[in-house]
Number of protein chains: 2
Amino acid sequence: MAKAPTVYDVAERSGVSIATVSRVLRSPAAVREHTRERVLAAVTELGYVPSAAARGLAARRTNVIGLFFPGHDETVPDQPVDSARGDTVPIVDDDSDASSDTENLYFDEVLRGAEIEAWRRGFALMVAAGRGSSREALVTDIAGRVDGLAVLARTVPDELLTYVARRIPVVILAGAQRADDFDHVSASNGPGMRTLANYVLQDHGVRDVVYIAGPTDSPDDAERLSGFRDALADSGLAESSVRILRSDFTRDGGRATAARILATDRPRAILCSNDETALGVLDVLEQRGIRVPDDVLVTGFDGISAGRHSRPRLTTVHQPMVELGRAAVHAITARLDDPNLEPQSFTLPVEVVLRESCPRV
Amino acid sequence: MAKAPTVYDVAERSGVSIATVSRVLRSPAAVREHTRERVLAAVTELGYVPSAAARGLAARRTNVIGLFFPGHDETVPDQPVDSARGDTVPIVDDDSDASSDTENLYFDEVLRGAEIEAWRRGFALMVAAGRGSSREALVTDIAGRVDGLAVLARTVPDELLTYVARRIPVVILAGAQRADDFDHVSASNGPGMRTLANYVLQDHGVRDVVYIAGPTDSPDDAERLSGFRDALADSGLAESSVRILRSDFTRDGGRATAARILATDRPRAILCSNDETALGVLDVLEQRGIRVPDDVLVTGFDGISAGRHSRPRLTTVHQPMVELGRAAVHAITARLDDPNLEPQSFTLPVEVVLRESCPRV
DNA sequence: TCTTCAATTGTAAGCGCATACATTAAGAGA
DNA sequence: TCTCTTAATGTATGCGCTTACAATTGAAGA
């Protein structure tokens, strides 16, 4: 790791000025071919790697986009990594119920979309998880490193976002469009739920429905609930004729809520505001020997991969997560190109995906 | 997006010099409390966010670590993101066989580990997918921006890595330790497979085994195969007494190989060098009505989450992916602290996880 | 009160690159 | 061959920050 060569070294070696070296790298067309080749040769020989810090400073933009997603520190112990030789291999029985790692998938796909789109547009992608304690430091830290920031809804306090947004474009992902100054990218929550609910109410002819909503502070959830209400109206049903409960978007919450429902009721369909809740509901139904879809129809929302592996497989509304990631980057670059744009809002189309838990009629 | 304030603005507003502003941010203890408060107040009022580019240039380190993972561009269409209002929602039947998105999980966990460890140590994390072998991509996108680089094995050509390694520490993830100058972090492939194979050979008393290896260019695979051979020796079996085939680590490859095996053979156990292959094998066995584990035992390697959802659930050797990510960052920071370290190699312990496809005896 | 020395703060010099502007080389036209 | 125009290259400056070193301050000791 010798001292890294700089433009000066390359310039000297190839007998040109640093400006020419810079040009060869930045706008090769402006340099005569002969010169360019000499410079490039020197670059290779010296193992020159341009310093992004210097470039960013001079050009006043880093060409990096930041992606902020929810944290998950609980899962990882604080102990240092030890390099213990793994020569003794324990043999264990797997008794897990596979209820973990669902949300991860969501983020993973968003990340992939963002990564792809960023790359295509010539940006690098920096990621950070919102760790409770030091969130503020983290956000400003990353804000100083990037040209724009995409944040998963509800992972960063608005006040902090506003602070950051004074400097760089901020786009909020997967939270509904609120009337604020941020750009928003989200899926078509309302219409998605409405379509699915209509399928249940009309195609399946179900009247006896329970809806399990999510946390009240989730804008996505609010839209989905609203979509459900629209569907009720579409079928001429009074809201008082159905039961609407709240849960918390988790599988455990879904289980608890299902238990609560079954204590007094046996609806023909249970519509859940997200997949994890629905999976929890399925758990309870199976455990009690209630057949899905014969006795009860169950639906979710999101399209997480666990829903494809459940038994029965889960009917859901699929959000285009990869596209969400791409759209977020798109929104940021659009604003970078034209900072005076009005706050915009991208709503990506969703799909109702029918599987066994609520099959095609 | 007004012009961002700089140290000069903060200095002027708080009536100190820029050096003091810098100190307040970098080493607050060196500044009198009274002064510090004034400066911090100015920071907040102005909405100051330090420029990482300038800091990186001055400090000669970026405090960013790069993570390079395998590409996947094929999956995403090139079409631009359109902000079409998603008001019409199609209803589709899901006929996918869920054979996608398995590898993603692997990477996702590594990422989480890396992310956590990086921020804990005061580094930001930059991610990039390996696209082709474009040198410009690696060099200009990542190498110039980071203090160190973690690369998933086989995603970047060695030659390129060598080039980059002249400047910054490079650690290779999940490829076996080769005798090169890079640092390596990997799981205990050999002992893991050996333990699992011994369980099959000795505890289950199986003699009639087929082993499905992976691609020859995978160092992980080579170690696993070697572990399998060790197990044969442990049981006093000649290598000629078992059948060893090669596949390609994919689910489809597993299916094809299983078909090939069954054409001539009906072994009591099929050991696969990774989970995806094993899942493909399960597909074929189920389709032919061959019972697992009653007729055939099947095992995998990796511990991907799909293996927990398969029917029957898959016995496997679980790699600590989160820990791999953490260890990679650890290795990089260790080398940053002491560049003269000998090339090191971290081998993380694995676990044999028994599930129904090869249950506890 | 006058020193002395440590604690604070200020001054100034880059870090490596991009780029406006100045300079020079190279063709084109006569 | 000489001038004019354009292409190619060089010169010089500054991006915003860290940090060695200088200057100043202030409290303790004489």
Side-chain angles (χ1 to χ4, degrees), chain A residues 2-40 42-43 46-64 122 140-141 143-147 167-168, chain B residues 2-40 42-43 46-64 122 139-140 143-147 167-168:
Chain A
K3 185 181 170 305
T6 70
V7 269
Y8 294 95
D9 301 312
V10 175
E12 186 178 356
R13 175 146 196 151
S14 50
V16 301
S17 73
I18 62 160
T20 298
V21 174
S22 180
R23 285 193 196 97
V24 167
L25 270 21
R26 302 279 89 210
S27 39
V31 177
R32 215 190 328 169
E33 184 176 348
H34 173 68
T35 314
R36 196 188 318 143
E37 282 166 1
R38 280 202 349 251
V39 171
L40 289 178
V43 164
L46 293 172
Y48 171 70
V49 175
S51 153
R55 173 176 296 173
L57 184 55
R60 261 149 288 191
R61 60 138 82 188
T62 62
N63 277 301
V64 179
T140 52
D141 180 312
R145 302 175 182 276
V146 303
D147 292 335
R167 304 273 71 84
I168 54 174
Chain B
K3 184 178 170 310
T6 71
V7 270
Y8 294 95
D9 301 313
V10 175
E12 187 178 353
R13 175 145 193 153
S14 51
V16 300
S17 73
I18 61 163
T20 299
V21 174
S22 180
R23 285 191 195 100
V24 168
L25 270 21
R26 303 280 90 210
S27 38
V31 176
R32 215 192 324 175
E33 184 176 346
H34 173 67
T35 314
R36 194 190 319 146
E37 282 167 1
R38 278 202 351 251
V39 171
L40 290 177
V43 164
L46 293 172
Y48 170 69
V49 175
S51 153
R55 174 176 294 173
L57 183 57
R60 258 151 292 188
R61 55 138 85 187
T62 62
N63 277 302
V64 179
V139 170
T140 64
R145 304 180 188 273
V146 303
D147 292 335
R167 303 274 70 85
I168 54 175

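Basis for what follows: all heavy atoms, side chains included, without hydrogens, waters or symmetry-related copies. Residue numbers begin at 1 in each chain, while the letters A, B, ... track the order of the sequences.
Candidate nucleotides D:dC21, D:dG16, C:dC17 were compared by shortest atom distance to the side chain of B:Arg23, and D:dC21 ranks first. Nearest nucleotide to the side chain of A:Ala58, out of C:dG16, D:dG10, D:dG16: C:dG16. The listed nucleotides are C:dG16, D:dG10, C:dG10; the one nearest the side chain of A:Ala19 is D:dG10.
Residue contacts for B:Val31: at a heavy-atom cut-off of 4.0 Å it reaches the sugar-phosphate backbone alone, with no base atom in range. Across all strands, B:Ser22 comes closer than 4.0 Å to base atoms (heavy-atom distances). Residue A:Ser51 is classed as a sugar-phosphate contact, given heavy-atom separations below 4.0 Å to backbone atoms only. Contact annotation for A:Leu25: no contact, since no heavy-atom pair falls under 4.0 Å across all strands.
Across the protein-nucleic acid pair, A:Arg55 atom CZ and C:dC15 atom P stand 19 Å apart, rounded to whole Å. When the P atom of C:dA20 is taken as reference, atom CZ of A:Arg60 falls 10 Å away, rounded to whole Å.
Under 4.0 angstrom from either OP1 or OP2 of C:dG16 there lies no side-chain N or O belonging to A:Thr6. Contact check, A:Arg32 against D:dA8: no side-chain N or O comes under 4.0 Å of OP1 or OP2.
Ranked by how close their nearest DNA chain C nucleotide is to the 5' end, B:Leu57 and B:Ile18 are led by B:Ile18.
Residue side chain B:Tyr8 reaches the base of D:dC17 through a donor-acceptor N/O pair under 3.5 Å, judged by distance alone.
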